[in-house]
Enquirer: 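First the structure, then my questions, so here it is.
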There are 2 protein chains.
Amino acid sequence: MSRMPRVSDMKGRLTDSAMELIWHNSYGATSVDAICERAGAKKGSFYYFFKSKSELAAAALEADWGKKKVQMDEIFSPTVSPLKRLDRYFDFVHDRLAEMQKKCGSILGCPLLSVGSEVSTQDQMVREAIDRIIDHKVNYFISAVRDAAAQGLIEAADPDAKARALFACYQGTLAQARIQNDVELLREFKTVAQEVLGVKRARARAV
Amino acid sequence: MSRMPRVSDMKGRLTDSAMELIWHNSYGATSVDAICERAGAKKGSFYYFFKSKSELAAAALEADWGKKKVQMDEIFSPTVSPLKRLDRYFDFVHDRLAEMQKKCGSILGCPLLSVGSEVSTQDQMVREAIDRIIDHKVNYFISAVRDAAAQGLIEAADPDAKARALFACYQGTLAQARIQNDVELLREFKTVAQEVLGVKRARARAV
DNA sequence: GAGTAAGTTGACCGACTGGTCAACTACCTT
DNA sequence: AAGGTAGTTGACCAGTCGGTCAACTTACTC
């Protein structure tokens with residue numbers, strides 16, 4: 001009879017704590033000590049589970065993505081009309097960031113972008129984790145844009161390229177909101193999205 | 001007769017060195033020692049000119065903006081047709097970043113965004129410097145978009161809002177290029193810009 | 001040359017950093 | 001209770017970090 005291993009929740013506490021700190025502050029400004037303190041861990045436990053700070057950050061981003069994927073699957077369900085998927089997503093993110101602002105005083109934008117920009121030239125493990133996650137996230141946009149094009153809701157010679165452009169636009173807007181600490185910038189994004197997508201005017205109201 | 005003060009170029013060497021390092025790496029990963037080494041300075045000189053690392057970073061970003069302003073004034077000269085101003089700018093940035101990639105192996109994107117994202121929740125001096133610079137840069141976009149609308153080249157209920165959206169989209173694309181280390185993302189931006197702007201089709205070729 | 005102020009230096013500081021590791025504890029099965 | 005392993009701890013490490021400061025040097029004017 002094989003042994004039943006102990007179940008510790010420490011790994012999750014560490015990734016959650018790391019995620020909160022690197023999103024709120026920055027990767028560089030987040031120390032292993034601070035992560036441990038927040039997680040109620042000692043440093044030795046940290047290094048039992050993760051080889052390095054970098055490995056933890058990558059794991060934290062991926063664990064966070066795992067949680068967000070569930071929400072995105074729901075928001076982008078193919079049972080929802082394509083343009084409405086995007087609208088729901090923008091509203092969802094806006095509400096989440098506004099809520100977080102109440103708690104911590106700042107608009108945090110997207111961690112993939114802030115942490116990605118910060119470490120991309122120096123830490124390939126974290127950069128690659130972020131790249132993988134971005135690839136997944138872009139796919140939601142791509143499927144929505146493809147469906148919208150197939151349904152004749154938008155003009156798109158190349159739906160995939162358009163989806164990627166829209167995603168980049170959204171990331172830029174999220175970054176601006178973080179830098180300026182102004183959530184209102186996000187409220188206006190739906191209009192921008194319609195322009196990027198080339199939403200057909202007669203049908204626009206059908207979103 | 002008042003004394004003629006000595007002229008030292010140290011301040012400029014420090015801001016230049018700091019700019020290079022925080023753009024290439026990150027603010028947090030750039031140490032005062034590294035900046036001094038790069039500038040050929042000793043730490044005491046650093047602190048003779050700047051009260052803190054933060055003050056130097058703000059000064060470095062502003063000095064860099066001073067240099068870039070000259071280039072942007074030329075590229076966005078009102079003697080150039082508005083949509084062509086934007087095209088020239090996108091080409092200029094693309095070429096600059098591609099050149100820098102050859103030297104340092106990375107696409108560096110825009111320092112305002114990478115450093116801004118990194119420090120905005122923690123360092124108000126640097127964040128405010130970045131905000132000021134962004135405000136200036138957006139004005140080039142605003143004037144181009146206003147002129148384009150006035151000339152009937154684009155559709156714009158609110159040219160200012162459209163210019164801001166275009167700027168944010170460009171920043172997002174620059175950030176993606178940095179994270180993915182792929183300059184080709186920038187080449188495609190002109191198409192996105194035309195869509196965001198609602199460039200009128202019959203006139204698009206006149207850009 | 002003398003005087004002065006701008007600029008530079010080297011040595012220093014306390015705190016912090018990411019990481020190491022032997023010893024210990026807790027949990028599970030037998 | 002014993003055994004074994006997963007997990008935890010506390011103490012430690014060398015190096016780095018942003019910053020300080022007295023002493024010195026240099027450049028300029030008179």
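Computed over heavy atoms, backbone and side chain alike; hydrogens, waters and symmetry mates excluded. Just so we're clear, the structure is a prediction, and the values are computed from it rather than from any experiment. Lettering follows sequence order; numbering is per chain, from 1.
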Enquirer: Please list, chain by chain and in numerical order, all residues satisfying side-chain contact (heavy atoms from CB on, under 4.5 Å) with B:Tyr48, sequence neighbours excluded.
Expert: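 By the side-chain contact (heavy atoms from CB on, under 4.5 Å) rule, B:Tyr48 matches no residue at all.
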Enquirer: Does NZ or CZ of B:Lys53 come closer than 6.0 Å to the centre of the six-membered ring of B:Tyr27, within 45° of the ring's axis?
Expert: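 Yes, a cation-pi geometry holds between B:Lys53 and B:Tyr27.
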Enquirer: Between A:Ser45 and A:Val32, who's closer to the 5' end of DNA chain C by nearest nucleotide?
Expert: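 Result: A:Val32.
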Enquirer: So if I take every side-chain heavy atom of B:Ser52 and compare against C:dG18, D:dG19, D:dT8, which nucleotide ends up nearest?
Expert: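 My answer, after comparing the listed nucleotides, is D:dG19.
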Enquirer: Give a yes-or-no answer on whether the side chains of A:Ser54 and A:Asp123 include a donor-acceptor pair shorter than 3.5 Å.
Expert: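 On atom types as modelled, these side chains qualify, holding a pair under 3.5 Å.
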Enquirer: Rounding to a whole Å, what distance do you find between A:Lys42:NZ and C:dA22:P?
Expert: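 Atom-to-atom, A:Lys42 to C:dA22, this comes out as 21 Å.
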Enquirer: Determine whether any donor atom in the side chain of A:Lys43 lies under 3.5 Å from an acceptor atom in the base of D:dG10, or the reverse, and answer yes or no.
Expert: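 Side chain to base: no pair below 3.5 Å.
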Enquirer: Counting heavy atoms from C-beta on, name the nucleotide in C:dT17, C:dT20, D:dT8 closest to the side chain of A:Met10.
Expert: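 In terms of side-chain proximity for A:Met10, the closest of C:dT17, C:dT20, D:dT8 is D:dT8.
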Enquirer: Given atom OH of B:Tyr47 and atom P of C:dC12, what is their separation to the nearest angstrom?
Expert: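 To the nearest whole Å, that distance equals 18 Å.
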Enquirer: Of the nucleotides D:dA6, C:dG18, C:dT8, which has the atom closest to the A:Tyr48 side chain?
Expert: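 Per side-chain heavy atoms of A:Tyr48, the pick is D:dA6.
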Enquirer: Provide, to the nearest angstrom, the distance between the CZ atom belonging to B:Phe50 and the C1' atom belonging to C:dT8.
Expert: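 So the CZ-C1' distance, B:Phe50 to C:dT8, works out to 15 Å.
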Enquirer: Tell me whether B:Glu99 is salt-bridged to B:Lys102, with the criterion being a basic N under 4.0 Å from an acidic carboxylate O.
Expert: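 No salt bridge links B:Glu99 with B:Lys102.
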Enquirer: Measure the distance from CD on B:Glu37 to C1' on D:dT16 and round it to the nearest whole Å.
Expert: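 It is 14 Å, rounded to the nearest whole Å.
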Enquirer: Using whole Å, report how far CG of A:Asp123 lies from P of C:dG18.
Expert: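 Between P of C:dG18 and CG of A:Asp123: 12 Å.
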Enquirer: Output the rounded distance in Å from CD (B:Glu55) to P (D:dG19).
Expert: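 Between P of D:dG19 and CD of B:Glu55: 10 Å.
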Enquirer: In whole angstroms, how far is the P atom of C:dG19 from the CD1 atom of A:Ile35?
Expert: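 Rounding to the nearest Å, CD1 of A:Ile35 and P of C:dG19 are 10 Å apart.
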Enquirer: Just jot down the side chain to side chain donor-acceptor pair (under 3.5 Å) partners of A:Tyr47, sequence neighbours excluded, or say none.
Expert: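 So A:Tyr47 forms no side chain to side chain donor-acceptor pair (under 3.5 Å) with any residue.
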Enquirer: Round to a whole Å and report the spacing from NZ of B:Lys11 to P of C:dA6.
Expert: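 The distance from NZ of B:Lys11 to P of C:dA6 comes to 13 Å, rounded to the nearest Å.
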Enquirer: Pick base, sugar-phosphate or nothing for A:Ser54, based on heavy-atom distances below 4.0 Å to the nucleic acid.
Expert: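 The answer is nothing, as A:Ser54 stays clear of every strand by at least 4.0 Å.
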Enquirer: B:Asp33 or A:Arg13: which one's nearest nucleotide on DNA chain D is closer to the 5' end?
Expert: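 Here A:Arg13 is the residue nearer the 5' end.
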Enquirer: Please determine whether any donor N or O and acceptor N or O are separated by less than 3.5 Å between the side chain of B:Lys53 and the base of D:dG19.
Expert: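 Answer is no: no donor-acceptor pair is held.
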Enquirer: Would you indicate what A:Phe46 reaches in the nucleic acid, counting non-hydrogen atoms under 4.0 angstrom: base, sugar-phosphate, or nothing?
Expert: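 Answer is nothing: A:Phe46 stays at 4.0 Å or more from every strand.
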